[in-house]
2 protein chains.
Amino acid sequence: MNAPDLLLLRTAPKAPRTLRWTGAALELLDQTQLPGTVTYRRCTTLEDVRDAIVTLQVRGAPAIGLAAAWGLVLGMAEQDALPAERWGEALEAAAARLRSARPTAVNLAWALGKMLAAVDEQNLSGRAGREALAVHAAFLQEDDERVCATLGAYGASVIADGARILTHCNAGALAVAAWGTATAPMYHLQAQGRRFKVYADETRPVLQGARLTAFELSQAGIDVTLITDSMAAHLMSQREIDLVMVGTDRVTRNGDVVNKIGTLSVALAAKHFGVPFWVACPLSTYDPATLTGQDVPIEERAPEEVTHLGGQRVAAITQVRNPAFDVTPADLVTGGIITEAGIARPPVGDALAALLRP
Amino acid sequence: MNAPDLLLLRTAPKAPRTLRWTGAALELLDQTQLPGTVTYRRCTTLEDVRDAIVTLQVRGAPAIGLAAAWGLVLGMAEQDALPAERWGEALEAAAARLRSARPTAVNLAWALGKMLAAVDEQNLSGRAGREALAVHAAFLQEDDERVCATLGAYGASVIADGARILTHCNAGALAVAAWGTATAPMYHLQAQGRRFKVYADETRPVLQGARLTAFELSQAGIDVTLITDSMAAHLMSQREIDLVMVGTDRVTRNGDVVNKIGTLSVALAAKHFGVPFWVACPLSTYDPATLTGQDVPIEERAPEEVTHLGGQRVAAITQVRNPAFDVTPADLVTGGIITEAGIARPPVGDALAALLRP
């Protein structure tokens with residue numbers, strides 16, 4: 001394993017930026033308009049940012065957390081003159097207001113907690129407090145970017161020239177500050193001028209692959225071909241896929257991978273046809289407190305995601321199942337799990353635990 | 001193996017009828033209006049029938065063949081007075097006109113060939129010829145129905161009480177005269193008052209599962225739940241599927257099964273989780289002249305099927321792959337292949353060849 005090319009880490013990928021802080025406003029790529037229209041929403045107040053989170057204009061756990069961090073900075077503007085205690089109360093109220101945008105989003109609460117801790121530890125308030133918040137929001141954003149860039153460099157190092165890569169859902173730059181997770185190795189390959197090709201599963205029911213992954217990769221000038229989820233196994237049977245690269249929402253202690261519904265299908269086909277199956281994620285995604293994937297409750301979402309498309313009904317019936325995630329058992333992760341701390345090779349559970357040790 | 005319950009063979013399933021011959025007209029269920037509207041097109045001329053075929057109001061290889069057979073009967077109405085030679089010429093012209101509706105549809109040409117042979121062998125023309133055509137069209141329709149009903153009875157005999165059955169695409173009553181192939185065992189179970197439950201894959205890109213299978217089973221009062229193709233493996237991992245039952249377009253000599261794209265994915269998941277994988281088809285679907293599934297060219301269809309839904313664009317890009325079929329290798333057909341001549345158990349290629357022998 002070569003160390004990541006640090007020069008490349010400073011090269012921003014060509015994908016559209018999800019968030020841009022201008023010094024006075026947070027500009028958010030409006031993901032509800034994708035892929036039809038590329039437009040940025042300029043948020044100058046906390047309520048602007050909160051509304052963007054509520055209406056899903058910004059999505060992806062890390063991106064939501066970062067948007068909220070900047071939302072807190074905006075919320076504390078023109079509060080510099082408050083006395084320390086009132087300033088602290090205003091900060092707590094602002095954080096609570098942002099947290100209520102999506103009460104179940106772990107990363108949103110986590111990012112806001114980090115922001116509050118940053119001023120709390122130094123007992124800051126007023127202008128000094130506001131400036132510390134802005135510094136910390138920038139730090140969180142840069143940290144997210146650095147983690148993705150680093151794991152992308154590791155990921156690129158395991159991909160042969162000319163590879164045909166299959167990905168599922170959107171573990172892309174649009175969900176984070178930059179680079180993405182599963183897409184980070186692709187942006188690295190591109191920056192290195194390497195030849196490769198991507199197949200993107202459309203990812204029913206919500207079509208994140210068709211709408212987001214296909215969008216960001218094509219915008220970046222990467223050769224990307226869209227397929228339905230049902231075509232992945234066929235392409236593997238025809239030896240048209242060299243490796244699978246996906247993201248994940250959570251990896252359990254034993255190395256089971258919880259990810260978007262349909263990942264398990266892809267992993268089973270990859271195993272059958274001898275196609276290496278890789279997962280790319282920040283090490284923070286590893287959750288050793290949960291033993292196996294079977295211990296993770298699988299959320300069932302609204303039936304309309306399956307029965308309707310773009311407001312239009314496509315199905316004859318309303319009785320549907322709609323699990324949002326599935327569990328890919330650790331032994332199907334035949335390539336490994338790529339993190340910013342290095343690559344966990346099979347058995348991936350043990351290898352991740354080793355990477356976590358100081 | 002019990003012999004099929006012959007009493008049940010005379011019970012029509014509760015699914016909507018695809019074709020109805022009234023004596024003066026052919027009524028066709030307009031499948032382009034499904035699932036929104038259940039309406040029959042009344043065809044009183046050959047051109048009516050041809051138009052229904054061209055516009056896909058009738059679909060499914062057997063149903064198209066039967067519609068064309070009745071179209072020929074309608075085309076020869078009011079031609080009784082023609083002298084024998086002119087009558088024969090008119091018949092040929094009518095058949096050619098119907099054949100041109102879908103020049104690549106094997107079953108359409110096959111059915112018309114059978115119709116011509118029926119009058120040719122007996123050297124019939126005029127009124128006697130027309131009556132022979134009507135008798136033969138009815139025979140073809142009844143034969144199709146008998147074959148499906150019989151294989152359905154065989155299929156029902158291998159399904160345990162309370163079974164949860166997964167199916168892919170529409171190998172249903174809507175594609176044939178009645179019963180369907182993969183659905184025929186379900187209609188038999190229903191007629192027997194047995195308990196069971198069906199999961200229907202939506203079957204991207206054309207959504208035959210969501211639009212047709214879900215429609216016909218729910219219309220018949222069968223408990224059917226719709227899922228996306230990407231959810232089948234997850235449900236199997238949760239032990240919520242007891243068996244898979246699909247149709248097929250062609251079975252090659254070695255027992256490979258060519259069927260709608262996505263079937264291979266389902267078969268791989270079924271193999272992994274120990275779920276029996278069954279195929280239901282007329283014995284005529286067995287093609288011993290083709291050695292393996294790899295010898296069957298896989299049609300790639302228009303990109304718009306993937307990028308658009310109901311005329312609405314859903315994808316960010318236009319570069320897509322759209323193979324219409326895939327090949328499930330014989331060793332993944334772990335249940336067997338159910339035909340009107342009996343059940344071919346693994347190794348299914350050898351067993352089908354044995355069923356074919358007189």
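Here is the naming used below: chain letters follow the sequence lines, and residue numbers restart at 1 for every chain.
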What residues of residues 217-231 of chain A sit under 4.5 Å from chain B when you count only heavy atoms? A:S218, A:D223, A:V224, A:T225, A:L226, A:I227, A:T228, A:D229, A:S230, A:M231
With a strict 4.5 Å heavy-atom criterion, list every residue of residues 247-271 of chain A that contacts chain B, or say none.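 Residues in range: A:I261, A:G262, A:L264, A:S265, A:L268, A:A269.
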Taking all heavy atoms of [X] and all of [Y], pick out the closest pair and write down the distance.
X      : Y      : answer
B:L235 : B:I241 : CB-CG1, 3.9 Å
B:Y199 : B:R164 : CE1-CB, 4.4 Å
A:A15  : A:A173 : CB-CB, 3.9 Å
A:R17  : A:A178 : NH1-CB, 3.4 Å
A:T18  : A:V176 : OG1-O, 3.1 Å
A:P276 : A:T334 : CA-OG1, 3.5 Å

Which portion of B:N322 sits near chain A, non-hydrogen atoms under 4.5 angstrom: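 It is both, since atoms from each part get that close.
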Indicate yes or no: at least one non-hydrogen side-chain atom of [X] is less than 4.5 angstrom from one of [Y].
X      : Y      : value
A:R41  : A:Q57  : yes
B:D30  : B:Y40  : no
A:R301 : A:E299 : yes
B:M245 : B:V198 : no
A:C169 : A:V246 : no
A:V320 : A:T307 : yes

Is [X] close to chain B through its backbone or its side chain, or both, or neither, when contacts mean heavy atoms under 4.5 Å?
X      : value
A:Q238 : side chain
A:E305 : neither
A:F325 : backbone
A:L34  : neither

Pull out the residues in residues 203-212 of chain B that come under 4.5 Å of chain A, heavy atom to heavy atom, sorted by number. B:R204, B:P205, B:L207, B:A210, B:R211
Using side-chain hydrogen bond (donor to acceptor under 3.5 Å, both in side chains), reason through B:Y187 and B:E216 one step at a time and then give a plain yes or no. CA-CA 11 Å; B:Y187 293 123; B:E216 69 167 80; 2.5 Å; yes
Suppose the criterion is salt bridge (charged side-chain N to carboxylate O under 4.0 Å, His left out): which pairs have a residue in residues 320-335 of chain A, not counting sequence neighbours? A:E300-A:R321, A:R321-B:E240
Most heavy-atom pairs under 4.5 Å with chain A, out of B:A315, B:A233, B:A200, B:A316, belong to B:A316
Are the side chain of B:R239 and the backbone N or O of B:F273 linked by a donor-acceptor pair below 3.5 Å? yes
So does B:T39 get a backbone contact from the side chain of B:T37, meaning a donor-acceptor N/O pair under 3.5 Å?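 Not confirmed, B:T37 side chain does not pair with B:T39 backbone.
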